[in-house]
Amino acid sequence: MRFNNPVVKGMYPDPSVCKVKDTYYLACSSFQYFPGVPLFESKDLINWKPIGHCLTRQSQIQLDKVNSSGGVFAPTLRYHNGRFYMTTTNDTTRQNFYVWTDDIYGEWSDPINVDQGGIDPDLYFEDGKAYFMSNGADDHGRGGIVQCQIDIETGCKLTPSRVIWQGTGGRYLEAPHLYKINGWYYLLAAEGGTEYGHMVTYARGPSPGGPFEAYPLNPVLTNRNLGGYEIQGVGHGDLVQDNGGNWWMLHLGFRQIGRWFAYHHLGREVFLTPVTFGENGWFTAGDNGTTLSCFETDRIPEEVVQNEKKSDTFENTEWDKDWCYLRLPRSGNYSFERNRLTLKGTEISLDQADTPTFIGIRQRDFNAVITCDVSLESGEAGITLYMDENHHYDFAIRKDENGYKVIERLNIGDIKSIEKAVDIHHSCASLIIRSTPNAYSFVVQVDGKEIHLGTAQTKYLSSEVAGGFTGVMIGLYAYGEGCLAEFSNFKCEYA
Ligand code: 6LW
């Protein structure tokens with residue numbers, strides 16, 4: 001069969017995977033968005049269904065005023081003795097912690113802190129011991145992948161933190177994951193930074209603490225040498241074995257806007273790449289060490305079909321699984337019905353690294369038509385294409401002393417400008433955004449007539465312009481004390 005990459009589209013970075021019986025579970029990072037750490041399940045590795053989040057209570061994660069691309073960094077998801085563990089870093093507070101649950105569809109525990117620094121924590125269990133890895137520094141300040149043993153009940157360190165591997169010389173050694181496979185301990189990592197030079201490297205050793213010997217042909221996976229290829233930034237992976245005994249890597253990567261256009265605005269997404277162990281115990285990955293947009297494989301049964309969800313609507317999404325808020329949402333400002341959303345605005349605007357009234361869903365593909373009916377009595381409400389507080393395009397209805405207007409406002413760094421405003425004689429309008437790889441165009445429909453307000457280039461919302469680790473969210477928002485806005489007929493239809 002053939003499957004296409006990415007297998008999970010939209011901003012779902014830093015995937016970590018584990019398998020329980022015949023179900024695979026996946027967790028991703030979530031930064032300043034709440035709830036934190038989205039979870040998916042799959043039976044076949046290519047069709048992934050959102051099932052919830054690990055950090056659903058504000059008491060589990062401190063996101064108050066965290067910087068964009070701060071907050072929740074890369075997670076590791078593991079299953080041990082009937083219990084799921086998810087460990088991650090709050091990069092803003094620089095705290096590593098883990099939570100656990102016996103029911104992955106239910107609530108997770110309160111956080112248990114681990115006093116080892118660095119980011120990208122990993123857990124490995126063996127013989128009653130729990131090993132905790134992260135990319136950081138040992139007690140003498142020596143950097144690398146560091147490891148200690150912890151008491152899994154309390155998170156307390158049982159041994160000093162020790163450097164177990166320093167990588168192959170690439171910058172930003174990160175994303176450690178430890179496994180035991182066929183008698184060897186494998187330490188997987190990422191290097192090169194989560195940009196165009198990203199790569200997956202690994203080493204193996206005779207014990208969980210090493211000594212580790214690098215795979216001689218590292219990097220085992222990278223697209224950094226593929227010019228003119230849409231998929232770039234391939235790295236940060238986790239291994240999983242399927243029912244047939246085959247190995248796979250779920251890892252991140254991104255799709256640039258065009259073959260020769262090195263910008264990406266959809267964020268880092270989840271890719272699937274086959275892994276093959278050789279007789280010498282070293283493994284290779286992908287097509288000659290690269291990840292393709294389409295793999296032909298006989299490891300997944302021919303009858304498995306890769307289903308792509310072609311639209312997101314209020315009716316076919318779930319508020320608590322597909323949508324998310326910024327930082328510390330005030331629940332009283334949101335009211336949900338099956339086909340209607342009511343938002344109450346506050347004085348916090350989208351330009352602040354704070355908690356505006358906002359609920360967003362990831363833009364999952366380049367070509368899309370987003371429509372929504374919006375109505376309000378005062379203030380401003382509409383759709384924002386949101387990268388961060390300094391990079392977002394807002395398309396909204398605004399009420400001022402002269403009546404109602406529809407506005408198209410671009411916010412690109414220090415440049416904030418209302419490109420166009422048209423008067424409408426109602427308190428409601430249908431907003432339409434047409435998205436292509438290169439541009440968004442903004443159209444309002446009033447009294448059966450379409451008025452084109454303008455276009456804006458996607459590249460100014462890209463990571464290359466905005467920086468950071470996130471991707472564009474399609475946000476519905478309300479702004480202004482006393483603003484009460486209703487949203488209905490939301491649809492984001494992908495081509
Ligand atoms: C993450 C690190 C990385 O923790 O980016 O791609 C950081 N790699 O491993 C934020 O996602």
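For this chain, numbers begin at 1 and follow the sequence in order.
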Visitor: In Å, rounded to the nearest 0.5 Å, how long is the span from OG1 of T273 to CD1 of I231?
Guide: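 If I round to the nearest 0.5 Å, the distance is 8.5 Å.
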Visitor: Between K157 and D115 (salt bridge meaning N to carboxylate O under 4.0 Å), is one present in this structure?
Guide: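 No, this pair does not count.
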Visitor: May I have the step-by-step check of side-chain hydrogen bond (donor to acceptor under 3.5 Å, both in side chains) for T291 and H251, ending in yes or no?
Guide: CA-CA 10 Å; T291 290; H251 60 87; 3.1 Å; yes
Visitor: Would you say that more than 12 heavy atoms from the other residues, nucleotides or ligands in this model lie under 6.0 Å from the CD of E153, or not?
Guide: no
Visitor: Considering only heavy atoms from C-beta outward, does the side chain of L250 approach that of V7 to under 4.5 Å?
Guide: yes
Visitor: I'd like to check V275 versus T284 (side-chain heavy atoms, cut-off strictly below 4.5 Å). Are they in contact?
Guide: no
Visitor: Stepwise, does the side-chain contact (heavy atoms from CB on, under 4.5 Å) test hold for H198 with V234?
Guide: CA-CA 6 Å; H198 213 25; V234 157; 5.9 Å; no
Visitor: Of the options F358, Y334, W319, Y33, which is the one that meets Y325 in a ring pair (Phe, Tyr, Trp, His ring centres under 6.0 Å)?
Guide: Y334
Visitor: My understanding is that only one of W248, Y202, W247 makes a ring pair (Phe, Tyr, Trp, His ring centres under 6.0 Å) with F283; could you say which?
Guide: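 Only one option passes, and that is Y202.
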Visitor: Hey, does E126 have a side-chain heavy atom less than 4.5 Å from the side chain of K180?
Guide: yes
Visitor: What's the verdict on side-chain contact (heavy atoms from CB on, under 4.5 Å) for V270 and L252, showing C-alpha distance, side-chain angles and the deciding distance?
Guide: CA-CA 5 Å; V270 183; L252 63 69; over 6 Å; no
Visitor: Looking at D22 and K43, is any side-chain nitrogen of the basic one under 4.0 Å from a carboxylate oxygen of the acidic one?
Guide: yes
Visitor: Might you confirm whether atom CZ of R57 has over 12 heavy atoms from other residues, nucleotides or ligands at distances under 6.0 Å?
Guide: yes
Visitor: Does Q232 reach the main-chain N or O of L226 with its side chain, forming a donor-acceptor pair under 3.5 Å?
Guide: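 Yes; at least one donor-acceptor contact below 3.5 Å.
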Visitor: Are the charged groups of R162 and D139 less than 4.0 angstrom apart, N to O?
Guide: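 Looking at R162 and D139, the cut-off is not met.
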Visitor: Taking atom CG of N243 as the centre, report whether more than 12 heavy atoms of other residues, nucleotides or ligands fall under 6.0 Å from it.
Guide: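 For N243, atom CG is crowded (more than 12 foreign heavy atoms under 6.0 Å).
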Visitor: Salt bridge check, D242 against R299: does any charged N sit closer than 4.0 Å to a carboxylate O?
Guide: no
Visitor: Under a 4.5 Å cut-off applied to non-hydrogen side-chain atoms, are S29 and P13 in contact?
Guide: yes
Visitor: Taking the side chain as C-beta and beyond, is there a heavy-atom pair between Q32 and L326 under 4.5 Å?
Guide: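 Counting from C-beta outward, Q32 and L326 do come under 4.5 Å.
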Visitor: What distance do D120 atom CG and H236 atom NE2 have between them, rounded to the nearest 0.5 Å?
Guide: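 If I round to the nearest 0.5 Å, the distance is 5.0 Å.
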Visitor: Would the distance check show the side chain of T222 and the main-chain N or O of R224 forming a donor-acceptor pair, the cut-off being under 3.5 Å?
Guide: yes
Visitor: Measure centre to centre between the rings of Y179 and Y185, then say whether the value is under 6.0 Å.
Guide: no
Visitor: Should I474 and R362 count as side-chain neighbours, where that means a heavy-atom distance under 4.5 Å?
Guide: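 The answer is no; the side chains never approach within 4.5 Å.
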Visitor: Heavy atoms, side chains only, cut-off 4.5 Å: are I152 and F132 in contact?
Guide: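 Sidechains of F132 and I152: no contact.
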Visitor: Should we count CG of N280 as having more than 12 external heavy atoms under 6.0 Å?
Guide: yes
Visitor: Crowded around N113 CG? As in, over 12 foreign heavy atoms under 6.0 Å?
Guide: yes
Visitor: Between H177 and Y186 (judged by ring centroids, cut-off 6.0 Å), do the two rings come close enough to count as a pair?
Guide: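 Here the rings of Y186 and H177 have centres that are no less than 6.0 Å from each other.
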Visitor: Can a donor-acceptor pair be found, under 3.5 Å and without considering hydrogens, that links the side chain of Q60 to the backbone of W108?
Guide: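 Present.
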Visitor: Before giving the answer on side-chain hydrogen bond (donor to acceptor under 3.5 Å, both in side chains), spell out for Q116 and S161 the whole-Å C-alpha distance, their side-chain angles and the decisive distance to 0.1 Å.
Guide: CA-CA 7 Å; Q116 177 170 288; S161 299; 2.7 Å; yes
Visitor: What distance do D238 atom CG and C18 atom SG have between them, rounded to the nearest 0.5 Å?
Guide: 8.5 Å
Visitor: What residues form a ring pair (Phe, Tyr, Trp, His ring centres under 6.0 Å) with Y12, not counting sequence neighbours?
Guide: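 Per chain and number, Y12 pairs via ring pair (Phe, Tyr, Trp, His ring centres under 6.0 Å) with F40.
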Visitor: In the structure I gave you, are the side-chain heavy atoms of C156 and I150 within less than 4.5 Å of one another anywhere?
Guide: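 Side-chain contact under 4.5 Å: no.
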Visitor: Heavy-atom count check: over 12 atoms from other residues, nucleotides or ligands less than 6.0 Å from K49 NZ?
Guide: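 No.
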Visitor: Please check: side-chain N/O of Y229 versus main-chain N/O of S293, any donor-acceptor pairing under 3.5 Å?
Guide: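 Yes: the side chain of Y229 pairs with the backbone of S293.
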Visitor: Would you confirm whether the ring centroid of F212 sits within less than 6.0 angstrom of the ring centroid of W165?
Guide: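 That pair fails the under 6.0 Å test.
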Visitor: Report the distance from atom CG of L45 to atom NZ of K19, rounding to the nearest 0.5 Å.
Guide: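 It comes to 9.0 Å.
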Visitor: Go through the steps to decide whether F34 and H53 satisfy the test ring-ring contact (aromatic ring centres under 6.0 Å, His included), and finish with yes or no.
Guide: CA-CA 9 Å; F34 182 85; H53 297 78; 8.3 Å; no
Visitor: If the plane angle is over 60° it's perpendicular, under 30° parallel, otherwise tilted; pick one for F73 and F31.
Guide: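 Perpendicular, since the angle between the ring planes exceeds 60°.
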Visitor: Donor-acceptor pairs are to be reported for all side-chain atoms of residues 253-264 against protein atoms at under 3.5 Å, with residues two or more places apart or in another chain.
Guide:
from	atom 1	to	atom 2	distance (Å)
R255	NE	E269	OE1	2.7
R255	NH1	D365	OD1	2.8
R255	NH2	E269	OE1	3.4
R255	NH2	E269	OE2	2.8
R255	NH2	R364	O	3.1
Q256	OE1	Y196	OH	3.4
Q256	NE2	G258	O	3.0
Q256	NE2	R259	O	2.9
R259	NE	G228	O	2.9
H264	ND1	E464	OE1	3.4
H264	ND1	E464	OE2	2.8
H264	NE2	S463	OG	3.3

Visitor: Does atom CZ of F3 have more than 12 heavy-atom neighbours, drawn from other residues, nucleotides or ligands, at distances under 6.0 Å?
Guide: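 Yes, enclosed.
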Visitor: Run the numbers on Y494 and E308 for side-chain hydrogen bond (donor to acceptor under 3.5 Å, both in side chains), then give the verdict.
Guide: CA-CA 10 Å; Y494 293 103; E308 227 190 298; over 6 Å; no
Visitor: Yes or no on side-chain contact (heavy atoms from CB on, under 4.5 Å) for L178 and L188, after CA distance, side-chain angles and deciding distance?
Guide: CA-CA 6 Å; L178 185 66; L188 195 71; over 6 Å; no
Visitor: Does L272 offer a backbone N or O that forms a donor-acceptor pair with the side chain of N5 under 3.5 Å?
Guide: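 Such a contact is found between N5 side chain and L272 backbone.
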Visitor: Going through the distances and angles, do S435 and Q363 end up as a side-chain hydrogen bond (donor to acceptor under 3.5 Å, both in side chains)?
Guide: CA-CA 10 Å; S435 167; Q363 184 180 345; 3.2 Å; yes
Visitor: Could you tell me how the ring of Y85 sits relative to the ring of F125: parallel (under 30°), tilted (30 to 60°) or perpendicular (over 60°)?
Guide: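 Answer is tilted, since the angle falls between 30° and 60°.
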Visitor: Might you work through the side-chain contact (heavy atoms from CB on, under 4.5 Å) test for S68 and E389, ending with a clear yes or no?
Guide: CA-CA 8 Å; S68 291; E389 68 276 14; 2.5 Å; yes
Visitor: Is the number of heavy atoms from other residues, nucleotides or ligands within 6.0 Å of NZ (K416) greater than 12?
Guide: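 Yes, enclosed.
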Visitor: Could I get the full list of ring pair (Phe, Tyr, Trp, His ring centres under 6.0 Å) partners for Y25, not counting sequence neighbours?
Guide: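 Listed in chain order: F84.
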Visitor: Q58 and side chain to side chain contact (heavy atoms under 4.5 Å, CB included): which partner among P35, P329, S331?
Guide: P329
